[in-house]
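All values derive from a computational prediction rather than experimental measurement. In what follows, chains are A, B, ... by sequence order, proteins preceding strands, each numbered from 1.
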Amino acid sequence: MNPIPKRYESASVEPKWQQFWEDNGIYHFKQDDSRPVYSVDTPPPTVSGDLHLGHCYSYSHPDFYIRFQRMNGKNIFYPMGWDDNGLPTERLVEERMGISPEKVGPVAFIKAVNEMSQQLEKNYEWLWRRIGLSVDWRYTYTTIGDSARKVAQYSFIDLYKQGRVYRASSPTIWCPTCKTALAQAEVTDFQRETNFITIAFTLSDGQVLPISTTRPELLPACVAVFVNPTDKRHSHLIGKKAITPVFKKEVPILGDLKADPEKGTGIVMCCTFGDTTDIKWWREYKLPLISVIDHAGHLNEAGSFLSGMNIKEARKRIIEELTKSNLVLDKKVTSQTVSMHDRCDTPIEYIETKQWFIKVLDQKERLLKAGSQIKWHPPHMHARYEDWVKNLEWDWCISRQRYYGVPFPVWYCTKCDSVHLADISELPVDPRTSKPSKPCSCGSKDFTPETSLLDTWGTSSMSPQIAGRWLDEPALFKKVFPVSIRPQAHDIIRTWAFYTIVKSLYHENKVPWSDIAISGHGLSSEGHKVSKSRGNASDPKEMMEAYSADAVRYWASSSKLGEDSMISEEKIASGHKLVNKLWNVTSFSYQFLENYSSPTKTPALLPTDKWILSRLNQLIPEVTKDFEEYNHASAKNCIEEFFWDVFTDNYMEMVKTRLYDFADGSPERDSARFTLYTVLMTIIQLFAPIIPYVTEEIYQQVFKKNNTALSIHLSSWPRLQKELIDDNAEAIGDMLIEVATAVRRYKSEKKIPMGSPLETLKIAVTKDANAEILKKCLVDIKSVTRAKQINITIAKLDTALSVQGIS
RNA sequence: GGGCGGUUAGCUCAGUUGGUUAGAGCACCUGCUUUACACGCAGGGGGUCAGAGGUUCGAGUCCUCUACCGCCCACCA
């Protein structure tokens, strides 16, 4: 008779609804639809390893508020992409397969990268579907794919025409391991111990000039010596010449306030280039350029006898040489901060190369203003963006000397070196395998392709344009741009958020999104950031098999936006318990609701039912507000507390008698069934954004027959019914709980079963009116207390209840 | 060195605009096979809300300072 299975089997139920959503296009965006659009600038996961629970955490958050918006009648545009173009994916292939472009050649390498990213993307998609992201899978892209290439190349050409990109030979942040130029945003800091040695320069008269350095191997590139003009010890040296040790080169001694009298000896050598100060001095004082480090991090001919050595070897050798000649005056260990490439942890060098840049330094004001036009959630994340923009020192270097990525649509005339752009109609183009359609204005038909590739952020910064099919479907783009929401994690505010704002301002003169929601990271149990490459994550598949996808989402919903959260198997287990509890409530309710058809009007309600319905209607606006404000943790807590503490532990115990024992069609039973139906339906709707599977199963089993929505996720969000809010009923409810608690305490203290009957229960109340109402609740009080006899008396004081008798 | 967060029960975290006796889950203790659920139910123990000062009738909540933790940035001689 009861077709509801006793146990909830998430392993079979979840894939069933996943398939159902897919087959019925539940999450499809409707282009020809007048409902307001809610569009999402989904983060395309970087294809750089396996996804872990940390990703499930941050990707679940947008799904909560997207599902909420969908139930509120929004036309949802929720695409998905994979960021597989560029260095991170290359590095993964190098690490996992032990191959490099140098060893196997670029063609075989690119093939390997392609194969690995396709495999990983399949895994990613499987996981996202399984965890229940309500993505419209018709709108997917990869950043290496043709349409993304086309958008990225178009963007470059557009910016070139606007004069916002330029190619320049200048000192560039360079990774000697990856052998490519980098942007400021790809550099991260690292503290380490290093030798700080003081070496003897000399003045032309032979007097010793002690200079401290951590990088003696750059000595051959020394072009000047600086002292602080306010430093009385050294200011008299300004204008004289210094002679470098070992290499015996004469360099000028200059005065500049950036020379710190407190550091080392107060005298500093300027090499091209040891750090950004060297670059500033080189520019300001028009010093000569001696490049001594090559692209692979070796010293070149300028290094004389150090030539051919890597930086470490050269440093060791020059120290030996200096020591031999008694030129080392002092040596100590010091703590130093070095800048490293964030993808490979190699200390970066500053090397003069020719690169493409996008101008950003001249637009700081505009970029700051754009940042304030966007609503940041949580608001303090805005400060990180502002800090970044204010502290920018470099234009955005967008060329990378790599293999797997989007090429520049650019050739250079071999004869006159002028720049030739591809024709828009030819995009995407690979300049290495094709030629410009027209000869150069100088008459030459000989062209050299640009062999660098675009920075991977150069493509992903166009995510709204790529996902919204900017070039191919302008009508679609117009509907979804500016995008409603950008979800992303806080570590890439300076990259992805920043670059997307840059591109959107330059191309559209608009901010890309009205809101940005910043998630934290899922942290390992030791409190460390889980990362794809470090492999310290538990496997989401295992967790979902053991506890269900809903349970994993439950954990994700339990902390606030922007906060990191420890991966907690205990919390996932709690999620599993909640799912199970919902199922048991359903299986109990089903026997009373199986043949229930929702009444056209609210029946006459008993006080207990009025109470729970009033509480329910207090809950609805609260939860609605929470979801509107991206406060899923609070929403979850409120619904859970109402469901578990108020509804199941109290209300349901009170109405059992009416449901089991009263005649079908009696007012008492009608009121209870109506209430049970309404409350349970509303609870699963409120829970639906967070735990979409079990709520769908319950909807389909119990409520679908009375509702038109094909899926709970297409049903309308519960509306507040003000007329059901009833302060008096709530006061009665509080009294009922008070009575139940007193009886439970009594039984618990006597260590007798909750089900054992009570002989007499005496309740004293202060108001006549309350006594009258309580009398209407006798059946419910009996249900929860098993009292045979209840005496209600009026007392002057609000005396405690008295519970008597056992049998 | 600058900025932004955080510091609440053994652990993980909620605590809206300052308002009774500071909450939850897990863990712990005592009981309970109550016709939805032992993946449960009832009862209980456990916190000078990081420290100090201030504003206020009233501060976990607002202000100031201090300490520690985390993140971002700067410093890279």
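For the C1' atoms, the distance linking U7(B) with C49(B) amounts to 10 Å, nearest Å. Across the C1' atoms, G60(B) and U48(B) are found 12 Å apart, a figure rounded to whole Å. Look at the P atom in both G23(B) and C32(B): the space between them is 29 Å, to the nearest Å.
The two residues P261(A) and R233(A) have their closest heavy-atom pair at O-NH2, 3.2 Å.
Remark: K6(A) is not in phosphate contact with C39(B), judged by side-chain N or O atoms under 4.0 Å from OP1 or OP2. For the OP1/OP2 pair of G43(B) and a distance below 4.0 Å, the side-chain nitrogens and oxygens of K747(A) include no atom meeting the criterion. Residue R7(A) has no polar side-chain atom (N or O) positioned under 4.0 Å from OP1 or OP2 of C37(B). Applying the 4.0 Å criterion to OP1 and OP2 of G25(B), one finds that W555(A) has every side-chain N and O outside that range.
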### Task
Encode nucleotides 1-6 of chain B as B, S and - characters from 5' to 3', where the letter depends on protein heavy atoms closer than 4.0 Å: B to the base, S only to sugar-phosphate, - to neither.
--SSS-
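Residues from residues 185-198 of chain A lying near RNA chain B, meaning a heavy-atom separation below 4.0 Å, are D189(A), F196(A) in numerical order.
Counting only Watson-Crick and G-U wobble pairs whose two distances sit under 3.5 Å, RNA chain B takes part in these stems of three or more pairs: B:1-7 with B:67-73, B:10-13 with B:23-26, B:28-32 with B:40-44, B:50-54 with B:62-66.
For K571(A), the side-chain atoms get nearest to C13(B) when compared with the rest of C13(B), A42(B), U34(B).
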